[in-house]
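Worksheet: the structure to be examined is printed underneath.
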Number of protein chains: 2
Amino acid sequence: MIEMRNIRKIYQLGDEEVRALDGVSLRIEDHEFAAVIGPSGSGKSTMMHILGCLDVADEGEYLLDGRDISDYTDDQLAEVRNRKIGFIFQQFNLLQKLSALENVELPLIYQGVPRVERQKRAHDALELVGLGDRMNHRPNQLSGGQQQRVAIARALATKPELILADEPTGNLDSHSSAEIIGLLHRLHEQGNTIVVITHDNDIAEEAERIIRIRDGRIVSDERKGAS
Amino acid sequence: MIEMRNIRKIYQLGDEEVRALDGVSLRIEDHEFAAVIGPSGSGKSTMMHILGCLDVADEGEYLLDGRDISDYTDDQLAEVRNRKIGFIFQQFNLLQKLSALENVELPLIYQGVPRVERQKRAHDALELVGLGDRMNHRPNQLSGGQQQRVAIARALATKPELILADEPTGNLDSHSSAEIIGLLHRLHEQGNTIVVITHDNDIAEEAERIIRIRDGRIVSDERKGAS
Ligand SMILES: Nc1ncnc2c1ncn2[C@@H]1O[C@H](COP(=O)(O)OP(=O)(O)OP(=O)(O)O)[C@@H](O)[C@H]1O
Ligand SMILES: Nc1ncnc2c1ncn2[C@@H]1O[C@H](COP(=O)(O)OP(=O)(O)OP(=O)(O)O)[C@@H](O)[C@H]1O
Ligand SMILES: [Mg+2]
Ligand SMILES: [Mg+2]
């Protein structure tokens with residue numbers, strides 16, 4: 001499903017060069033559940049933005065379902081992001097003027113889902129993350145962990161094949177975290193491919209494969225014992 | 001040092017009433033190290049904003065050093081916030097147009113600290129959280145955990161007596177978290193009063209007192225065995 005070959009992402013700030021990714025190669029098959037772990041600033045979010053077609057590498061290739069994304073037009077990329085990928089952002093990226101429900105509906109609007117159906121699906125996604133009683137709140141009328149859960153609901157409402165979650169439980173108590181972990185587990189069982197960046201050992205333990213990143217490089221990549 | 005009496009904070013959204021805090025009473029003495037834990041949406045950040053004089057309760061009293069803050073003028077409140085309290089926000093609240101160094105200097109500018117000294121102190125605070133090589137980056141040129149550490153450095157640069165930390169390690173790996181926990185521990189030993197909202201058991205274990213919140217109320221408040 002996913003293949004990165006020798007990916008580099010290099011930022012130039014004045015005479016400082018930051019190698020956010022410094023030669024990353026990685027294959028993720030359909031239906032895998034992989035956790036990405038590593039120190040703060042090691043390149044995890046940068047890698048995930050490239051996986052999610054939200055950013056472009058400076059060097060190397062990224063193939064999605066066998067096709068190099070540098071061959072996609074902008075419209076095709078937008079289509080892939082909208083239909084195939086659900087992205088849960090580390091800092092949520094919710095629209096401040098829209099309610100929780102409207103935020104979750106947004107990707108469904110882009111998919112052309114009719115109003116009644118999309119409101120139902122957005123409603124169900126918010127119920128699934130325990131926010132049934134917060135649908136009409138805007139982000140600044142929600143707690144940190146509630147905003148995080150709206151971001152999760154929004155990523156899942158389109159039922160994407162590939163779920164990319166950047167630290168989805170960073171603001172959640174252990175009970176809410178356990179619910180999100182259970183949810184990711186069920187989605188995996190239903191056939192989705194899941195890549196989670198996490199500092200939470202409970203999530204890493206749920207994954208079948210652990211990819212460790214340090215200083216913009218993969219330093220280990222291990223599948224757990226077969227089950 | 002801090003006393004809350006029967007504090008209520010009630011939001012009205014249309015015909016929905018949200019009791020973010022529903023009768024909270026609490027005393028925190030000088031030099032205590034308290035952890036606040038509880039489910040997502042239970043009222044922790046709301047309580048901390050009132051403690052930090054960033055928000056005002058709808059009912060009840062809040063006394064800081066024996067004085068009711070409703071007696072303070074706006075200027076006096078701003079002075080208290082700037083000189084006495086260091087607040088680490090759950091969502092960082094950094095200024096996007098300023099570099100990490102400039103963000104950390106800001107409270108020192110308000111204190112009238114001369115330029116050479118404030119740059120040194122801001123520099124040192126960023127070194128302390130491991131960001132010596134990221135001083136000139138703006139927030140959108142930093143990782144999530146790096147932004148979180150800038151927020152921590154900014155809160156500590158003024159050497160405040162009272163440190164209020166809202167989930168300071170939510171975006172940090174275990175190594176960076178351990179460093180921040182060690183830092184809070186040292187500040188406590190140096191005589192500061194520390195209140196930390198956290199979902200991280202390692203921080204809660206470091207505290208001498210654990211305050212549990214649920215549905216806007218304190219449900220338990222226990223000091224650990226005397227040491
Ligand atoms: N402006 C507002 N209008 C309406 N409700 C609000 C507003 N701000 C907060 N709330 C509600 O108040 C409750 C408490 O919010 P608070 O941010 O204190 O929770 P929290 O304990 O910090 O949660 P978390 O662990 O998720 O950060 C939440 O249920 C939230 O939805
Ligand atoms: N626009 C930019 N300009 C310069 N450097 C950048 C930029 N964006 C990110 N960086 C740097 O690239 C590195 C990798 O950032 P990234 O966000 O991928 O880290 P991360 O592993 O997700 O960290 P965290 O666990 O703290 O979220 C960091 O050291 C960061 O400072
Ligand atoms: Mg990140
Ligand atoms: Mg909070």
Side-chain angles (χ1 to χ4, degrees), chain A residues 11-16 18 20 36-46 48 89-92 94 99 129-131 133-149 166-167 169-177 179-180 197-202 204 212-214 216, chain B residues 11-16 18 20 36-46 48 89-92 94 99 129-131 133-149 166-167 169-177 179-180 197-202 204 212-214 216:
Chain A
Y11 295 105
Q12 204 71 42
L13 293 200
D15 23 280
E16 179 198 8
V18 178
V36 175
I37 63 186
S40 173
S42 55
K44 307 178 296 297
S45 296
T46 304
M48 189 160 274
F89 291 90
Q90 186 170 7
Q91 284 161 56
F92 322 151
L94 301 178
S99 70
V129 297
L131 291 177
D133 60 353
R134 289 286 182 273
M135 308 232 182
N136 298 320
H137 287 230
R138 288 189 306 277
N140 69 357
Q141 297 168 330
L142 292 170
S143 78
Q146 289 167 344
Q147 293 178 44
Q148 185 154 44
R149 285 181 277 153
D166 196 342
E167 308 205 33
T169 64
N171 283 281
L172 299 181
D173 56 282
S174 49
H175 176 73
S176 310
S177 286
E179 297 200 329
I180 296 308
I197 293 171
T198 186
H199 294 312
D200 183 341
N201 267 329
D202 292 342
R212 288 176 193 275
I213 295 197
R214 182 174 211 85
Chain B
Y11 295 106
Q12 203 72 39
L13 292 199
D15 23 279
E16 179 199 7
V18 177
V36 177
I37 62 186
S40 173
S42 55
K44 308 178 295 296
S45 296
T46 304
M48 190 161 274
F89 291 89
Q90 186 170 9
Q91 285 162 55
F92 323 151
L94 301 178
S99 69
V129 296
L131 291 178
D133 61 353
R134 288 286 183 274
M135 306 230 183
N136 299 318
H137 287 231
R138 290 189 305 276
N140 69 358
Q141 296 168 330
L142 293 171
S143 75
Q146 290 167 345
Q147 293 178 44
Q148 186 155 41
R149 286 181 276 154
D166 196 344
E167 306 203 37
T169 63
N171 283 282
L172 298 181
D173 55 283
S174 50
H175 176 73
S176 309
S177 286
E179 297 201 330
I180 297 307
I197 292 171
T198 185
H199 294 311
D200 183 340
N201 266 329
D202 292 342
R212 287 176 194 277
I213 294 198
R214 183 174 210 87

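Letters A, B, ... mirror the listed sequences (proteins, then strands); counts begin at 1. All figures in this text were calculated on a predicted structure; none of them were measured in a lab.
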Quiz item: Where on A:Asp133 is there a heavy atom nearer than 4.5 Å to chain B: the side chain, the backbone, both, or neither?
Solution: backbone
Practice problem: Give the member of B:Gly14, B:Ser176, B:Pro39 that has the highest number of heavy-atom pairs under 4.5 Å with chain A. | Solution: B:Pro39
Practice problem: With a 4.5 angstrom heavy-atom cut-off, could you sort out which part of A:Leu13 is near chain B: side chain, backbone, both or neither? | Solution: side chain
Practice problem: With sequence neighbours left out, write down each residue that passes side-chain hydrogen bond (donor to acceptor under 3.5 Å, both in side chains) with B:Gln141, or none if nothing qualifies. | Solution: none
Quiz item: Highest number of heavy-atom pairs under 4.5 Å with chain A: which of B:Gln147, B:His175, B:Gln91, B:His199?
Solution: B:His199
Self-check item: B:Asp173 side chain to A:Ser40 backbone, donor-acceptor under 3.5 Å
Solution: yes
Practice problem: Can you sort out the partners of A:Gln90 under side-chain hydrogen bond (donor to acceptor under 3.5 Å, both in side chains), two or more places apart, ordered by chain and number? | Solution: A:Ser45, A:Glu167, B:Asn171
Self-check item: Pick from A:Gln146, A:His137, A:Arg134 with the largest number of heavy-atom pairs that fall under 4.5 Å of chain B
Solution: A:His137
Practice problem: Answer with side chain, backbone, both or neither: which region of A:Glu16 has an atom nearer than 4.5 Å to a non-hydrogen atom of chain B? | Solution: side chain
